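Worksheet: the structure to be examined is printed underneath.
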Amino acid sequence: MTEEAVASSGVRTSMGRLVIRVFRFFRRWPVIPVLIVMMLVVAAVFAPWLAPHDPIAGDLAKRNIVPMWYAKGSSEYILGTDPQGRDIISRVIYGARISLLISAIVLGLGGILGTTLGLVSGYSGGMIDEVLMRFVDFTLGVPFILVALVVAVVFGNSLPIIIILLIVFSWNAFARQARAEALRIKTLDYVAQARVAGASQFRIMYKHLFPGVMDPIVVVATWRVGMLILTEATLSFLGVGVPEPTATWGSMVAGGRDYIAAAWWVCFFPGVAILLTVLAFNFLGDWLRDRLDPRLRQL
Amino acid sequence: MLRFIVRRVAFSVLIVLGASAFVFGLSRAAGDPRLLYLTEYVTPEIWDQWGKAMGLDKPLVAQYFIWLSKAVRGDFGTSLRDQVNALTVIARRVPATAQLAAGAFTFALAVGIPLGVLSAVKRGSILDYIGRTFALLGQAMPAFWLGIMLVLLFAVQLDWLPSARRGGISHFILPSITLGWPTASGILRLVRSAMLEILDSEYIKFARAKGVSNALIVWKHALRNAIIAPLTFAGMMLAAFLTGAVVTETVFAWPGLGRLAVLSVFSNDFPVVTGIVMLFTVLYVIMNLFVDVAYAYIDPRIRYQ
Amino acid sequence: MATALTLVPAVFHPALQGTGRETQLINWGIYEPLFKAKYAAPPAFGEPSGEGIGQSWEIAPDGSKVTVKIRTGVTFHRGYGELDANDVVYTFTQAMRADSRNYRRAAYEVWMDHWEVLDARTAVMYVKKGVALPGDWWTQLADNGSGSVGMVSKKLFDQLGETRGLTVEAGTGPYTATSWLSGDEVDAVAVPDHWRGTPKLQNLVIVDIPEVSTRQAALESGQIDIADIPVKFAVPLAEKIKGRVQPLGVARGQLMWFSGNYWAKTWTAKPEEKIYPRPGFKPDKDHPWIGDPFQPGCDWDDLMKNPKPLKPVCPSMENARKVRWAMAMAIDKELINKQIEQGLSRTYDAFTAIEPTDPWWKEEWRVPFDPAKAKQLLAEAGYPTGFSLTVWVAVGEVANEPEVGLAIADMWRSNLGLKVTVERTAYAARRPTLVARTIDIPFQHSTARPFGDDFSIPVGISQAPGSGWNAGIESEFLQDIYYKALKEPDREKRIQMRVQAQDYYTFWRLDAPSVFHVFTWVVGPKVAEWVPHQTIYSDFTAPERVIMK
């Protein structure tokens, strides 16, 4: 809806203008996604102070308590409890930690690894490029979910193993993106000039290529957060997620799914947390792409 | 062009070989394969006999090549659960997954393309917001959660559709939506951005100037070009599709490859697991090969990259 | 009619049927066992009925062999002719062959030697030398579920060979399969003029729906008529759909094994084979529940040869014993029964499945819920602030209720202050450590009381060497009593050995028992009658006794 459309419908009051302004502001800036991400970070960092209960201490006597707005609910358990009698809101708050921790480590390590390899690959070309890119193709070609299942069954499932698996299957997106950007940037005039001026390979990469690829890498990383959170949930569903009693959104949804008819709140609220977080990061990713680099629209 | 294809095929074979070494290594990391087939009551003679027959007395690398030479001939070993060739077990499950895939892709294309086009053409309109919300939602819900919610709503509350098993056309609807929604989102986004770009291009402007009708421009000229965009991501979509199939088939008790994969992993049926992994790797590689060659054919510059 | 459950079997060959849950062929009326029990409402199994393929039997006075009379008029599906003694002997010979994976083999291996054909109507089963025929031997050849062996046609395997033969369904039951997809679905139709009568239910569809929520939905929408629904959901669901709850399967005592107590020096069966020291045995600060009888000051013979030691127990063993008792006493069994088993179950105390209703029961076997005493014991053992441990609660084990395992972990946390991590892996992932005897963490398991009141084998699989897996508890006392009982023909003496074994279990507290887990099915409103027969696990049985409205 545009300003003209509102104007022609006769809303000329200051109230109308305010609504338009607010609407435009929200369209221009990703306010809600940023708020969600901020809440997430706050929840993760201050979980011990925010959570009303211990997230892992179960009490069977308090099994499946309904959320507080029901007649049988209690304000002690705002969103109710799970079949083990654990407070759901506390687990959702602590779950933000795991989600962010996994995302941060996987994107940190996978991002650095992928970007560096991609840059080297794109910049040096030739044999190195060939080998690295075929390796990327290989990691893309092997069906991740089956490999993850097998690894978890053979080596057991633990947080470190899950993180390693996610890194192994995440770095390639960064490598591809960084390589494509490096290929583009290295033909640009200023890089060529630097080369002529006798700058070292390392310097060129560090000074010219790296800043050039940062924008698309940030976009890719933002999108990846959602994918990582969903993957964690899928692994939990298949029974190979982060082990109990750690509170993760994925394991909460997966563990509560049998109770969907008997105690819907057990898997509903962590599901909402996943939905909102992934929506927020995907939306942010889109927004960043449009802002930073409209060329990337095809991603 | 021939050189390009040869090179591409060679790389594809390399990827498949890499994957095969990887799954072989994983299956051996699980322990002595005889433990899968034989019980603890077995006599040492039979144990050794099996070891010889399976080539376990040779070095690991030799074992790999023995396994590989059998695998290329379609022999991944005897399925532990079914006691017949693993490939036979896999082949029995292909139709169900293929049908589900057909349903899911029909849904994805039928929803993704028109919505993608409309949200590009009517950019900023309510249609655009509906389309984009649809796309964002599809990529933000865990597939199993979506499947269970659909069952709860359409099978239990409304009692419109069946909740499980393969059957008539009505059995396809819920699993197809569960599996197809994320793909539909991907297609929608790609079509939308490609459309925006194309509608902005010179030749469409030229067509408009020549007085070609708007509908014809959008649905014929622009769409024809925009539809190629999702093709580039066919490989990625296949990977996402497999993950989706594993989950969807479990939720809806669909007797396909995804269910088989989960069953086999949890019953240590490595011949079947390696067979499925190789099947999907080969599928991925072939698909990418076709896309690459098709692109090279359309755009000769790619051949020399 | 359609029914939902888990795991559709894959193989029609006795030597190659891998797991007990996969041998459902008999339960679904497609194959038939040698013997059938007279129908008795679950949970009882029933007496021998003479309605089986084996019409009657005769045990030799010295107990060395059993002669079985084979019924006439039993025909195989798909034109494979009439069943005779050759088929029976072929079936059991295959199940026992050297590379057999048959689930029942472990049990048969203990006492069954081999089979011979006397004539077309007579088969002879020989019992192993020096072993007594167990009191429940016939139930092991009957339709008690969990890997019951169904009779196959020798002619079929002679004609088609093993590889092709094992994919052809040719049983003798009242139903024959029209299509079959292992792990997913079986469609079957009634066999007209079956020797036991033509079933009333014509078409049977058995489909594996892995998700509980989908199973519930399919029942609610009337898509299926009978489904396996855990007790925690069964009662409200049955009310909602105007159906009923059918308990089925033997309630299984849910316990935590205190693995890692590998105390044996040698196998009793092979005294020449030294097994100590071994990798799984870690009596250290990280494993407070594992005692070390090899410490100086410990009288190994006194500890390992008596049901209760005669002398004071040395510190390492005593402290570990206190830790185990503390952990067992920290479990609120009544609460678990009320909250998870919906109050339909009972508490579980004795691993050997002797219950308070039995004449041999001793009140001292009861494990009280006493957190204060438990904390005190833990402090006495040197762990006043608790310790860290991992427990394994398997994923997807049908016999276990994982929520019980998780609740126990929670109670150890809150009542004792232990830092408990729960490992939730599939059985397949853990199996190597069970077979190799390297498991050193407590894990959830379950046991059931055998059918009948014959307690001939007191300690079962946890101690016998070469018996597949092991709970990580090995004592020469338990091994000894196990082998003695195998050879003991007198029932009363066998039961006394079982009592001694329970004394040993209770004193050393090798398991932390909780409650019996009950198994339930929900029957939809379209089913007028279904009279299942009982099996060890909660299997769908007797479709021939289903009548639809």
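Residue numbers start from 1 in every chain, and the chains themselves are labelled A, B, ... in the order their sequence lines are given, proteins ahead of strands. This is a predicted model, so every value here is computed, not measured.
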Check your understanding: If only atom types and distance count, is the side chain of C:T214 paired as donor or acceptor with the main-chain N or O of B:V251 below 3.5 Å?
Key -> yes
Point to revise | C:R215 side chain to C:A227 backbone, donor-acceptor under 3.5 Å | key: no
Point to revise | Inter-chain contacts: residues 133-143 of chain B against chain C, heavy atoms under 4.5 Å | key: none
Revision key, fill the gap. Rounded to the nearest 0.5 Å, the CG atom of B:L150 sits from the CD1 atom of B:I177 at a distance of 6.0 Å
Check your understanding: Do NZ/NE/NH1/NH2 and the carboxylate oxygens of B:R259 and C:E185 come within less than 4.0 Å?
Key -> no
Exercise for review: Quick one: which residue pairs count as a salt bridge (Lys or Arg N to Asp or Glu O under 4.0 Å) with a foot in residues 85-107 of chain B, not counting sequence neighbours?
Suggested key: B:D82-B:R92, B:R93-C:D184
**Study point:** Euclidean distance, C:I30 CD1 relative to C:W180 CH2, rounded to 0.5 Å
**Key:** 4.5 Å
